[in-house]
Colleague: 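Please find one structure pasted underneath; my questions will follow.
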Amino acid sequence: MIHITLPDGAVRQYEKGVTALDVAKSISEGLARKVLAANVNGQVWDAGRPINEDASLKLLTWTDTDGKSTFWHSSAHLMAEAVESLFPGVKFWVGPPVENGFYYDMDLGDKKMSEEDLIALEKKMNELAKKNSTYVRKEIPKDEAVRYFTGKGDEYKLDLLGGLKDGEITFYTQGNFTDLCRGPHIPNTSFIKAIKLTSIAGAYWKGDEKNKMLTRVYGVTFPSQKELDEYLQMLEEARKRDHRKLGKELSIFTMDDDVGPGLPLWLPNGTIIIEELEKLAKETELAAGYKRVVTPHIAKESMYLTSGHLPYYQDSMYPPMELEGQKYYLKAMNCPHHHKIFAAEPKSYKDLPLRLAEYGTCYRYEQSGELFGLMRVRCLHMNDAHIYCTKEQFYEEFKAVNDMYIKYFKIFGVDKYVMRLSLHEPSKLGKKYVDEPELWKETEELVRDVLIKTNTPFVEVQDEAAFYGPKIDVQIWSAIGREFTLATNQVDFAQGRRFKLEFTNQDNKAETPLIIHRAPLGTHERFIGFLLEHYAGKFPAWLAPVQVKVLPISDKFLDYAKTISQKLKKADIRAEVDDRNEKIGKKIRDTELMKVPYMLVVGEKEMNENKVAVRRQGKGDAGIKDVDEFLKDVKTEIEERRSE
RNA sequence: GCCGUUGUAGCUCAGUGGUAGAGCACUUCCUUGGUAAGGAAGAGGUCAAGGGUUCAAUUCCCUUUAACGGCUCCA
């Protein structure tokens, strides 16, 4: 007999060789029908795999992340079985579960797969799922596994086998499909009730662009049709929030083929948002002791050689233009220009910390396939600043930047983000990163210290640092789930020396300052793209391109409407009158769709009493108000940058 | 940059080997209407660009370009 400890602490006795499924059955048949896999002593196991010693056991169902992953991993195998039957001779690479489903990478030889094939594959998968095939686990000696895949001429699986040792190789078979796989898998294919193959894409073998491109098929499956329908519904909702769609609907920005890819044109509505953001940044930075500077959009090659950017980033800078025998580059970053401002006049320790801020316009030649609405562009306006400080001042300065993030995030109600401490990868010193192992260690420690002392939750990621130092990135996700860095706070111990930046310290010695690069509001492009999705286009009053729309019931009240709008405009409120010859219902509908925060309906009643009927976007009628009272309330809401 | 898909009116999208259509938006007229679409008429397109096949190409083929879904990349 062995002892099985359940999550609630209960200990039960079973025969040696009991399976998680047996345990589930001993609790309830209903539970047993839902068990997908099990967590045995912290490892995810097949529900049908015998347990031979005392163990802690957690049964995993669809509601557990590991249960879901197992379900999708098994679905990938089911898809592979379907692909093999429709595309004989296909060779498979790997087919893992991902956040929303699974994929399988495959080499189709000279065959091609089209979107229509996905329909046929789904049909085949449904057929195969109904066969109720068990996923059978089998441990295989390495030489036998090698023989098996050599016989199949499958170089991909042989490559995988190369990294495995005897004793850790298992095969899983369901129906006619056998795969080298660590597992675990769900008990049988009948659990998979709803199948949707979502897309077909290319993916480099082992993620390396020098390698062959394999065909990747993405899919998602569910234990019931209802859940699939809900998922598709959710995708539909997400698409409505997509900043590219909203940006067009709300006339925020546009792209034009003649201007060029990744070069957004900001329409008047978008420009209002830009100006509001800059106003916020200026106020905040002024209060935090920053000084504003302005720098050119281009600079000579020599400066980027000094900074060290050119060797690292030449490929993603616009190619140089030649003038008077000199090469000039469009700037891809503002730091070198700012360093030159630091260097323009001799500095004493009394001048530090020096904080130079600029909403700098940068150009980056991003790869064509990487462009994505406003989130990834080739022309960007960065909420940039560089802080030059002593080692002693570093902690306070770095912390102050972090505090500034938090202050901003509060204003915007940003709460779904992850702080990422991005560290260097020691093996890439001298290549991707400046070769200063000691400084890396030291500054990474400093930054981690700030996060820990301020109780900021964060994750650490290797090999994500800038070439000149570690950084803290704020990661966010777009409506359709793509990850982006929204804001960044970086340490730079390299450029100060490269530019020979110096200040005279208290001992009258020359010292190199530490530099902090920071962009709490990221770039206008990415930030506004993010805000569009974050607010689903419903900007708070202070950001809304039109803050108040006055809607006269009919032409008779047009003059009164204009009087009100004039009054609001005088108080710096962005007000407009809907003077179209339309019924009030139509005017309201159109204004609602444009997501204007306040509508003022005015007719006979309001005109006679010098009042307005207030309507709040998305919330409907908000009652009659005195004109002056409304003005005062809205003005306060705007000035306080309230979210509601 | 790589793999795949797509490109028709300002927007969303039908359609066809015999030189194009809807809804919304726009213009004009009628209507002056009280909280999410009043009615009528009109205007609007080198069917992404270039080349090829064909008596004839928006439609089929090739190239280019752009967007989209991924991969790679992201100071």
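Below, chains carry the letters A, B, ... as their sequence lines are ordered, and counting in each starts from 1.
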Colleague: Base, sugar-phosphate or nothing for A/Y312? Non-hydrogen atoms, less than 4.0 Å.
Modeller: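 Nothing, no heavy atom under 4.0 Å.
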
Colleague: Any salt bridge between A/R420 and A/E464, counting N to O under 4.0 Å?
Modeller: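 Salt bridge between A/R420 and A/E464, a charged N being under 4.0 Å from a carboxylate O: yes.
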
Colleague: Heavy atoms under 4.0 Å, any strand shown: does A/G373 hit a base, just sugar-phosphate, or nothing?
Modeller: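 If one applies the 4.0 Å heavy-atom cut-off, A/G373 turns out to touch the sugar-phosphate alone, with no base involved.
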
Colleague: Would you confirm whether A/Y104, through its side chain, and A/G219, through its main-chain N or O, come within 3.5 Å as a donor-acceptor pair?
Modeller: no

Colleague: Write down the distance separating the P atoms in B/A9 and B/G4, rounded off to the nearest Å.
Modeller: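 Rounded to whole Å, the distance is 27 Å.
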
Colleague: Can you pull the ring pair (Phe, Tyr, Trp, His ring centres under 6.0 Å) pairs that have at least one residue in residues 599-619 of chain A, sequence neighbours excluded?
Modeller: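 Listed by first then second residue: nothing to list.
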
Colleague: When the P atoms of B/C61 and B/G17 are compared, how many Å lie between them, rounded to an integer?
Modeller: 13 Å

Colleague: If you check the A/R376 side chain, which of B/G1, B/C26, B/C73 turns out closest?
Modeller: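 The answer is B/C73, which lies nearest to the side chain.
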
Colleague: If we ignore hydrogens and angles and just use 3.5 Å, is the side chain of A/Y468 paired with the main-chain N or O of A/G308 as donor and acceptor?
Modeller: no

Colleague: Measure all distances between protein nitrogen or oxygen atoms and nitrogen or oxygen atoms of nucleotides 11-16 of chain B, and list the pairs falling under 3.5 Å.
Modeller:
none

Colleague: I need the NZ-C1' distance between A/K206 and B/C73, as an integer number of Å.
Modeller: 20 Å

Colleague: So, using side chain to side chain donor-acceptor pair (under 3.5 Å) as the criterion, who are the partners of A/R355 when residues are at least two apart?
Modeller: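 Once residues adjacent in sequence are excluded, the partners of A/R355 under the side chain to side chain donor-acceptor pair (under 3.5 Å) criterion are A/E397.
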
Colleague: For A/K432, is there an ion pair with A/D463 - N to carboxylate O distance below 4.0 angstrom?
Modeller: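 A salt bridge is present here (some side-chain N lies under 4.0 Å from a carboxylate O).
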
Colleague: Which residue, A/K471 or A/I588, contacts RNA chain B at a nucleotide closer to its 5' end, judged by nearest heavy atom?
Modeller: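 The answer here is A/I588.
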
Colleague: Atom CG of A/D257 and atom C1' of B/U46: how far apart are they, to the nearest Å?
Modeller: 16 Å

Colleague: Using a strict heavy-atom distance below 4.0 Å, which residues from residues 550-562 of chain A are in contact with RNA chain B?
Modeller: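 Nucleic-acid contacts, sorted: A/I553, A/S554, A/D555, A/K556.
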
Colleague: Name all residues meeting the ring pair (Phe, Tyr, Trp, His ring centres under 6.0 Å) criterion together with A/F557; count only those two or more places apart in sequence or in a different chain, and write none if there are none.
Modeller: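 Checked A/F557 against ring pair (Phe, Tyr, Trp, His ring centres under 6.0 Å); zero matches.
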
Colleague: For A/G207 and for A/T485, find the nucleotide of RNA chain B with the closest heavy atom, then tell me which residue's nucleotide is more 5'.
Modeller: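 Looking at RNA chain B, the more 5' nearest nucleotide goes with A/G207.
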
Colleague: Taking A/V83 as the fixed residue, which of A/D117, A/V217, A/V90 is the one that meets the side-chain contact (heavy atoms from CB on, under 4.5 Å) rule?
Modeller: A/V90

Colleague: Produce the list of close N/O pairs, under 3.5 Å, pairing protein atoms with atoms of nucleotides 2-4 of chain B; give distances to one decimal.
Modeller:
residue	atom	partner	partner atom	Å
B/C2	O4'	A/Y204	OH	3.3
B/C3	O2	A/G202	N	3.1
B/G4	OP1	A/K112	NZ	3.0

Colleague: Which is true for A/K331 with a 4.0 Å heavy-atom rule: it touches a base, it touches only sugar-phosphate, or it touches nothing?
Modeller: nothing

Colleague: For nucleotides B/G51 and B/A56, find the distance between their P atoms and express it as a whole number of Å.
Modeller: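 Result for the P pair: 15 Å, nearest Å.
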
Colleague: Say you pick atom C1' in B/U65 and the same atom in B/A48; how far apart are they, in whole Å?
Modeller: 7 Å

Colleague: If you measure from the P atom in B/C3 to the same atom in B/U59, how many Å do you get, rounded?
Modeller: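 B/C3 and B/U59 have their P atoms separated by 24 Å.
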
Colleague: Would you indicate which nucleotide in B/C74, B/A75, B/G69 comes nearest to any side-chain atom of A/A466?
Modeller: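 Between B/C74, B/A75, B/G69, the one nearest the side chain of A/A466 would be B/A75.
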
Colleague: Please list residues of residues 593-614 of chain A whose heavy atoms come under 4.0 Å from any atom in RNA chain B, ordered by number; otherwise none.
Modeller: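 Of all residues in residues 593-614 of chain A, the ones placing a heavy atom under 4.0 Å from RNA chain B are A/L593, A/V601, A/G603, A/E604, A/K605, A/E606, A/A613.
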
Colleague: Whole Å only: how far is the CG atom of A/D463 from the C1' atom of B/C74?
Modeller: 13 Å

Colleague: How about A/H524 and A/Y359: are their ring centres within less than 6.0 Å of each other?
Modeller: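 Yes, close enough.
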
Colleague: Determine, for A/K549 against A/E576, whether the closest basic-nitrogen to carboxylate-oxygen distance falls under 4.0 angstrom.
Modeller: yes

Colleague: Considering only atom C1', compute the distance from B/G15 to B/G23 and round it to an integer number of Å.
Modeller: 15 Å

Colleague: Taking Watson-Crick (N1-N3 plus N6-O4 or O6-N4) and G-U wobble (N1-O2, O6-N3), each under 3.5 Å, can you produce the dot-bracket string of RNA chain B? Use [ ] for crossing pairs and | for inter-strand ones.
Modeller: (((((((..((((....[..)))).(((((.......))))).....(((((..]....))))))))))))....

Colleague: If you only use heavy atoms from C-beta on, which nucleotide in B/A75, B/G69, B/G70 is closest to the side chain of A/R244?
Modeller: B/G69

Colleague: Can you tell me how far C1' of B/C29 sits from CZ of A/R580, to the nearest Å?
Modeller: 17 Å

Colleague: Just jot down the side chain to side chain donor-acceptor pair (under 3.5 Å) partners of A/H381, sequence neighbours excluded, or say none.
Modeller: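 Counting only residues at least two positions away or on another chain, A/H381 forms a side chain to side chain donor-acceptor pair (under 3.5 Å) with A/E525.
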
Colleague: Can A/D473 and A/S422 be counted as having a side-chain donor-acceptor contact under 3.5 angstrom?
Modeller: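 A donor-acceptor contact under 3.5 Å links the two side chains.
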
Colleague: Give a yes/no answer on whether the side chain of A/Y218 brings an N or O atom under 4.0 Å of OP1 or OP2 in B/C71.
Modeller: yes

Colleague: Would you mind checking if A/R244 and A/D242 are paired as a salt bridge, meaning a charged N to carboxylate O distance below 4.0 Å?
Modeller: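 Looking at A/D242 and A/R244, the cut-off is met.
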
Colleague: Would you mind reading off the distance between A/K428 atom NZ and B/C73 atom C1', rounded to a whole angstrom?
Modeller: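 Spelled out: NZ on A/K428 to C1' on B/C73 is 12 Å.
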
Colleague: Does the distance from a Lys or Arg side-chain N to an Asp or Glu carboxylate O, for A/E249 and A/K245, drop under 4.0 Å?
Modeller: yes

Colleague: Have a look at A/R378 and say if it touches a base, only the backbone sugar-phosphate, or nothing, with a 4.0 Å heavy-atom cut-off.
Modeller: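 Since no nucleic acid heavy atom lies under 4.0 Å of A/R378, the category is nothing.
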
Colleague: Touch check for A/R216, heavy atoms < 4.0 angstrom, all strands: base, sugar-phosphate only, or nothing?
Modeller: sugar-phosphate

Colleague: Just checking A/S316: base, sugar-phosphate only, or nothing, at a heavy-atom cut-off of under 4.0 Å?
Modeller: base

Colleague: Output yes when A/R589 and A/E592 qualify as a salt bridge under the 4.0 Å nitrogen-oxygen rule, no when they do not.
Modeller: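 So A/R589 does not pair with A/E592 through a salt bridge.
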
Colleague: Grab the N/O contacts between the protein and nucleotides 58-60 of chain B below 3.5 Å, and write none if there aren't any.
Modeller:
none

Colleague: Using atom C1' of each nucleotide, how far apart are B/U6 and B/U58 to the nearest Å?
Modeller: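 Looking at atom C1' only, B/U6 and B/U58 are 15 Å apart.
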
Colleague: Could you state the atom-to-atom distance from NZ of A/K625 to C1' of B/U35 in whole Å?
Modeller: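 In whole Å, B/U35 C1' and A/K625 NZ are 17 Å from each other.
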
Colleague: Would you say the ring centers of A/F484 and A/F530 fall short of 6.0 Å from each other?
Modeller: no

Colleague: Say we look at B/A36 and B/A40: how far apart would their P atoms be, to the nearest angstrom?
Modeller: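 Between the two P atoms, the distance is 22 Å.
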
Colleague: Look at the side chain of A/F372 and decide which nucleotide, out of B/G33, B/G69, B/A66, has an atom nearest to it.
Modeller: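 So the side chain of A/F372 is nearest to B/G69.
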
Colleague: Between A/E436 and A/R497, is there a salt bridge with N-O shorter than 4.0 Å?
Modeller: yes

Colleague: Could you tell me which residues satisfy side chain to side chain donor-acceptor pair (under 3.5 Å) with A/Q547, sequence neighbours excluded, listed by chain and number?
Modeller: none

Colleague: Out of curiosity, A/F342 CZ to A/F499 CZ, how far, rounded to the nearest 0.5 Å?
Modeller: 12.5 Å

Colleague: Please check if any side-chain donor atom of A/T295 sits under 3.5 Å from a side-chain acceptor atom of A/K340, or the reverse.
Modeller: no

Colleague: My understanding is that only residues two or more places apart in sequence, or in another chain, count here; which of them pass side chain to side chain donor-acceptor pair (under 3.5 Å) with A/Q314?
Modeller: A/Y329

Colleague: So what does A/Y468 hit on the nucleic acid, given a heavy-atom distance under 4.0 Å: a base, only sugar-phosphate, or nothing?
Modeller: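 Contact class for A/Y468: sugar-phosphate only.
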
